[in-house]
Structures are given as structure tokens and as C-alpha cells.
> 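Please read through the structure below; I'll follow up with questions.
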Amino acid sequence: MGISPAKAAALLRAGELVILPTETVYGLAGNAGDARAIAEIYTKKQRPRFNPLIVHVADLGQASDIGEFDPVSQFLAAQFWPGPLTLILPRKPSALVADLALAGLDHVALRVPNHPSALAVLGALKGPIVAPSANRSGALSPTSVDHARAELGADIAFIDGGLCSSGLESTILRCSDQGIAILRPGALSRERLSEALTAFRRANPAAGGRAHLTGASHRENDSAPILAPGMMASHYAPKAALRLNANGANPGELFLGFGPRSLGADANLSPSGDLVEAASNLFAFLRHLDARRPNCIAVAPIPGHDLGEAINDRLARAAAPRLS
Ligand code: TXA
Ligand code: MG
């Protein structure tokens with residue numbers, strides 16, 4: 001059944017956790033000012049404490065109370081919020097966010113989710129919420145409330161917001177004097193960001209190199225410092241092994257296809273070859289095939305442009321050698 005946004009806000013105020021829908025994936029939400037609630041999130045997710053949490057806010061005004069915006073970040077927030085963009089900004093000393101949520105960093109990750117229930121909760125709470133994806137650390141992100149509850153247990157309060165419309169996590173950016181680094185490719189594509197930045201540079205010719213995307217900067221492996229992206233090389237992992245860029249299944253494998261040429265696939269991310277559709281199906285289809293307990297899931301090649309960049313990033317992480 002689930003609870004209403006008003007009830008969720010009351011629970012969060014009282015220090016409880018709530019499974020919350022967003023347009024990207026479901027989150028496990030807690031009051032950002034409540035260190036005890038945040039500790040509970042780390043425990044429930046079995047998440048390493050050095051991996052900080054995204055702070056979700058109602059709007060740019062609330063974000064400005066927490067993070068120090070530079071002109072480019074401000075412009076991108078105005079363009080894409082509410083939406084799947086997370087900005088890493090210097091944290092204001094006055095910010096009402098528990099240190100534990102930032103894992104000791106002096107920067108904070110901020111985003112305004114584009115989902116009516118999440119926005120209603122934020123509006124009723126009148127304060128920031130931390131919300132990592134509602135899965136056990138290292139597992140696939142949940143795109144339905146059933147997946148979230150299967151990951152974290154049926155005893156946590158939840159809002160049922162249906163299927164997540166985009167199905168991939170937010171794109172995480174950090175702006176600096178050197179330019180804009182994509183720390184995690186996500187539901188906002190590089191192409192859309194580039195277009196927005198072109199418009200910004202036209203309107204602000206003095207911005208120079210600050211308003212350019214820098215080259216690939218994703219965290220490549222687990223020994224790289226967690227400094228910003230906090231991403232594990234092995235992440236988003238189903239139980240089965242993954243074989244990428246496959247043209248079909250070998251014995252013992254299931255085949256996850258893409259596009260019209262993937263005939264006979266056990267599931268097809270998008271029979272017409274639409275990357276938006278593929279992104280929204282990715283985690284649910286991996287979960288579905290994994291439940292059939294194959295040794296390996298073979299995955300068709302996915303083009304690298306638009307949302308394909310984030311899809312391929314998640315597939316590469318799911319295919320990476322496991323830590324345990
Ligand atoms: O779409 C999303 O972003 C979803 C929904 C629920 O909003 N949330 C999400 O949170 O994906 P999570 O915790 O699963 O992933 C957040 C990523 C982690 O890789 C973390 O290391 C990074 O953001 N992160 C969080 N705070 C950070 C900070 N202060 N500095 C650098 N990276 C940060
Ligand atoms: Mg996550």
C-alpha cells in the first residue's frame with residue numbers, strides 16, 4: 001500500500017527511514033540533519049562509511065543554503081533541476097547536514113529530484129533529505145518499489161511511486177577552474193550537457209575554460225582515491241557473471257539483447273534500439289534475468305552515445321571482477 005508524502009515527511013522528521021521514489025531510481029531516504037538516521041542508512045545498505053550520500057533538496061534556494069554555487073553550477077542547476085543532475089559543491093559551514101552524510105569531505109553532492117512524491121515530501125519536510133539508491137551496497141539499483149523492498153527488507157516505510165521513468169542514476173558533475181568533470185555518467189547525457197554549456201559560453205564569453213567538459217574522469221578502480229566520485233569499479237552487480245558485447249548466448253548463458261538484430265534474446269532492452277527505453281529497462285531486466293540463476297548473462301553491444309554512455313558504464317561495473 002505504502003504511505004503518503006505527508007506521512008513520509010513526519011516519519012523523516014522523527015528520524016525514521018523511508019523508501020522514496022525518484023525519477024532515476026528509488027532512494028533510501030533519511031533526514032539529512034539526523035546523524036542517527038544516516039548511520040542507520042549505512043547499516044541498512046551495508047555501505048562503507050567513506051562513501052558519501054547525495055543531499056536531495058526542494059529547489060535551488062534550499063540548495064544555496066547548503067552548497068557554494070559558482071556561476072556554471074548555478075546555470076546548470078537552473079537548466080536541469082528538478083532532474084537527474086547532481087552537483088558537487090563546496091559545503092557552506094552553516095549547512096544543516098550531518099558530517100556523517102559527507103564522509104568527512106568538505107564538498108556536498110546536491111540534487112533536486114523530478115518526481116511528484118519526492119518533491120511533495122521535500123516540500124512538507126522543509127529540509128534536506130539524504131537518499132542513496134535503495135539497494136544493498138554493490139547491488140543493482142531498484143527501479144520499482146518491489147525491487148527496493150526486496151533489497152532492503154519489507155519493514156521499512158515506503159512510498160509507491162510506480163516505475164522510475166529514467167531508470168539510471170543521476171549524472172554527477174564537479175565544476176572547477178579546470179572545467180567540468182563528469183564523475184558519474186547518468187540519466188542526463190553528455191550531449192545535453194554540452195548543448196547547455198555552449199549556450200552558457202555564448203551568454204558569458206568571459207567564462208572561458210570553466211564552462212567546458214573535461215575528458216573522462218570516472219573513478220577507474222577501487223584503489224583510486226574516493227576524493228569525489230566514490231564509485232567502486234565493481235558495482236551494480238547481479239549474481240551472475242556478465243559477458244559484454246556478445247552476439248548471442250553460449251550454453252548456460254542468458255542473452256540480454258538490444259535493437260532489432262538481437263533475435264531470440266531472453267530479454268531485449270529496446271527492440272527498436274531506443275537508448276532511453278534501454279536505460280529505463282536496464283536494472284529491472286538484469287534483475288529479472290539474474291533471478292533465473294544463469295552462470296552468465298551475455299549482453300549485446302550498446303552504442304556509446306547519449307544514454308548509452310551511462311548504460312555502458314553500469315554494464316562495465318557490473319562485469320568487473322567482484323571484491324568478494
Ligand atoms: O539518481 C540518483 O542519484 C539516486 C537517487 C536516489 O537520487 N541516488 C544515488 O545515490 O544514486 P548513491 O548513493 O547510490 O550514489 C551517489 C554517488 C556515490 O557514488 C557517492 O560516492 C557520490 O554520489 N557522492 C555523494 N556525495 C558525494 C560528495 N560529497 N563528493 C563526491 N561524491 C559524492
Ligand atoms: Mg547507488
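Heavy-atom basis, side chains included; hydrogens, waters and symmetry copies ignored.
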> Scan for side chain to side chain donor-acceptor pair (under 3.5 Å) pairs involving residues 117-133, sequence neighbours excluded, and state none if there are none.
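Applying side chain to side chain donor-acceptor pair (under 3.5 Å) to every pair that reaches into residues 117-133, excluding sequence neighbours, yields S133-N135.
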
> Could you please spell out the steps behind the side-chain contact (heavy atoms from CB on, under 4.5 Å) verdict for R314 and L286?
CA-CA 11 Å; R314 302 305 186 271; L286 281 174; over 6 Å; no

> Measuring only between side-chain heavy atoms, which start at C-beta, is L168 closer than 4.5 Å to V25?
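When only atoms from C-beta onward are counted, V25 and L168 do not touch, as no gap falls below 4.5 Å.
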
> Donor-acceptor check, side chain of Y26 to backbone of G161, threshold 3.5 angstrom: yes or no?
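Side chain of Y26 to backbone of G161, a donor-acceptor pair under 3.5 Å: yes, one is there.
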
> Can you tell if the side chain of D290 reaches within under 4.5 Å of the side chain of L254, non-hydrogen atoms only?
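No - every pair of side-chain heavy atoms lies 4.5 Å or more apart.
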
> Looking at every non-hydrogen atom in both residues, tell me the closest pair between L11 and A157 and how far apart they are.
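In terms of heavy atoms, the two residues are closest at CD1-CB, 3.6 Å.
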
> Find out if a path of hydrophobic residues (ILVMFWY) with successive side-chain heavy-atom gaps under 4.5 Å connects L242 to F255.
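Not linked; separate clusters.
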
> Determine the minimum heavy-atom distance between D34 and G15, stating which atoms define it.
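Heavy-atom minimum between the residues: OD2-CA, 3.3 Å.
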
> How far apart are the C-alpha atoms of I88 and L173, what are their side-chain angles, what is the distance that settles it, and do they pass the side-chain contact (heavy atoms from CB on, under 4.5 Å) test?
CA-CA 6 Å; I88 308 284; L173 296 186; over 6 Å; no

> Are E151 and R287 within salt-bridge range, i.e. N to O under 4.0 Å?
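Yes, charged N to carboxylate O under 4.0 Å.
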
> Give a yes or no on whether a salt bridge exists between E195 and R202, defined as a side-chain N under 4.0 angstrom from a carboxylate O.
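No salt bridge links E195 with R202.
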
> Do you know the tightest heavy-atom contact between P128 and L96?
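Of all heavy-atom pairs spanning P128 and L96, the closest is CG-O, 4.0 Å.
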
> State plainly whether the residues R149 and D155 are in salt-bridge range, i.e. N to O under 4.0 Å.
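No salt bridge links R149 with D155.
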
> Please say whether more than 12 non-hydrogen atoms of neighbouring residues, nucleotides or ligands are located less than 6.0 Å from NZ in K7.
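Open: at most 12 neighbouring heavy atoms sit under 6.0 Å from NZ of K7.
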
> Check the pair I41 / V130 against side-chain contact (heavy atoms from CB on, under 4.5 Å), numbers first and verdict last.
CA-CA 9 Å; I41 291 178; V130 288; 3.7 Å; yes

> Would D266 and R292 pass as an ion pair if we require N to O under 4.0 Å?
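A salt bridge is present here (some side-chain N lies under 4.0 Å from a carboxylate O).
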
> Quick one: does any side-chain atom of D59 pair with a main-chain N or O of V112 as donor and acceptor, under 3.5 Å?
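Answer holds: no.
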
> Heavy atoms, side chains only, cut-off 4.5 Å: are V55 and I129 in contact?
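The answer is no; the side chains never approach within 4.5 Å.
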
> Mind listing the closest non-hydrogen atom pair of P142 and C164 along with its distance?
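Closest heavy-atom pair between P142 and C164: O-SG, 4.3 Å.
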
> Side-chain contact test, heavy atoms from C-beta onward, threshold under 4.5 Å: evaluate it for L282 versus L140 and give yes or no.
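Side chain of L282 against side chain of L140, heavy atoms only: no contact under 4.5 Å found.
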
> Do side-chain atoms of R201 reach the backbone of A211 as a donor and acceptor pair under 3.5 angstrom?
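Yes, R201 side chain to A211 backbone: donor-acceptor pair under 3.5 Å.
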
> Would you indicate whether the side-chain heavy atoms of S73 and L89 approach each other to under 4.5 Å?
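SC-SC contact between L89 and S73 confirmed.
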
> Using the rule given for side-chain contact (heavy atoms from CB on, under 4.5 Å), can you reason through I54 versus L110, listing the C-alpha separation, both sets of side-chain angles and the distance that settles it, and then say yes or no?
CA-CA 6 Å; I54 296 176; L110 283 162; over 6 Å; no

> Looking only at side chains, do E169 and S141 share a donor and an acceptor under 3.5 Å apart?
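Present: a donor and an acceptor within the cut-off.
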
> Does L87 reach the side chain of V108, with side-chain heavy atoms less than 4.5 Å apart?
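Contact flag for L87/V108 side chains = no.
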
> Is R210 salt-bridged to D70, cutoff N-O under 4.0 Å?
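Result for this pair is yes, salt bridge flagged.
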
> Rounded to the nearest 0.5 Å, how far does CG of L269 lie from OG of S280?
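One gets 9.0 Å once the value is rounded to the nearest 0.5 Å.
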
> Can you list every ring pair (Phe, Tyr, Trp, His ring centres under 6.0 Å) pair that touches residues 261-315, not counting sequence neighbours?
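Qualifying pairs, neighbours excluded: Y236-F283.
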
> If you round to the nearest 0.5 Å, how far is CG of N312 from CZ of R317?
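CG of N312 is found 12.0 Å from CZ of R317.
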
> Any donor-acceptor pair under 3.5 Å linking the side chain of T171 with the backbone of G186?
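Between the backbone of G186 and the side chain of T171 there is a qualifying donor-acceptor contact (under 3.5 Å).
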
> Is the shortest side-chain N to carboxylate O distance from E68 to R91 below 4.0 Å?
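No, this pair does not count.
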
> Could you state the interatomic distance from OG (S194) to CG (L213), rounded to the nearest 0.5 Å?
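Rounded to the nearest 0.5 Å, the OG-CG separation comes out at 4.5 Å.
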
> Can you confirm whether R192 is buried at CZ, in the sense that more than 12 heavy atoms of other residues, nucleotides or ligands lie under 6.0 Å from that atom?
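Not buried by this count: 12 neighbours or fewer within 6.0 Å.
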
> Measuring only between side-chain heavy atoms, which start at C-beta, is P271 closer than 4.5 Å to E277?
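Result yes, sub-4.5 Å side-chain heavy-atom pair found.
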
> Taking all heavy atoms of Y42 and all of P48, pick out the closest pair and write down the distance.
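Between these two residues, the closest heavy atoms are CE2-O, 3.4 Å.
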
> Looking at E309 and G304, would you say the former's side chain and the latter's main chain have a donor-acceptor pair under 3.5 Å?
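Not a single qualifying donor-acceptor pair exists.
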
> Considering non-hydrogen atoms only, spot the tightest contact between R13 and A124 and give its length.
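It is NH2-O, 2.9 Å.
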
> To the nearest 0.5 Å, what is the distance between CG (L119) and CG (N114)?
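It comes to 6.5 Å.
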
> I need the R190 CZ to I180 CD1 distance, nearest 0.5 Å.
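Taking CZ in R190 and CD1 in I180, the distance rounds to 11.0 Å.
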
> Do any pairs count as a ring pair (Phe, Tyr, Trp, His ring centres under 6.0 Å) and have a residue in residues 162-209, sequence neighbours left out, and if so which ones?
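Those involving residues 162-209 are F75-F200.
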
> Write out all pairs satisfying side chain to side chain donor-acceptor pair (under 3.5 Å) with one or both partners inside residues 245-264, taking only residues at least two apart or from two chains.
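Residue pairs with at least one partner in residues 245-264: R243-E253.
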
> Give a yes-or-no answer on whether the side chains of R111 and T22 include a donor-acceptor pair shorter than 3.5 Å.
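Yes.
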
> With sequence neighbours excluded, what pairs up with D106 under the salt bridge (Lys or Arg N to Asp or Glu O under 4.0 Å) test?
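D106 satisfies salt bridge (Lys or Arg N to Asp or Glu O under 4.0 Å) with no other residue.
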
> About how many Å separate CG of L188 and CG of L193, when rounded to the nearest 0.5 Å?
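So the gap between those two atoms works out to 4.0 Å.
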
> With sequence neighbours left out, which residue pairs that include part of residues 81-138 fulfil the ring pair (Phe, Tyr, Trp, His ring centres under 6.0 Å) condition?
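Found none.
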
> State plainly whether the residues E40 and K44 are in salt-bridge range, i.e. N to O under 4.0 Å.
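A salt bridge links E40 with K44.
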
> Taking N31 for the side chain and G33 for the main chain, is one N or O donor matched with an acceptor at less than 3.5 Å?
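Here the side-chain-to-backbone pair exists.
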
> Is there side-chain contact between L197 and Q79, with at least one heavy-atom pair below 4.5 Å?
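The answer is no, as the side chains (C-beta and beyond) never meet within the 4.5 Å cut-off.
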
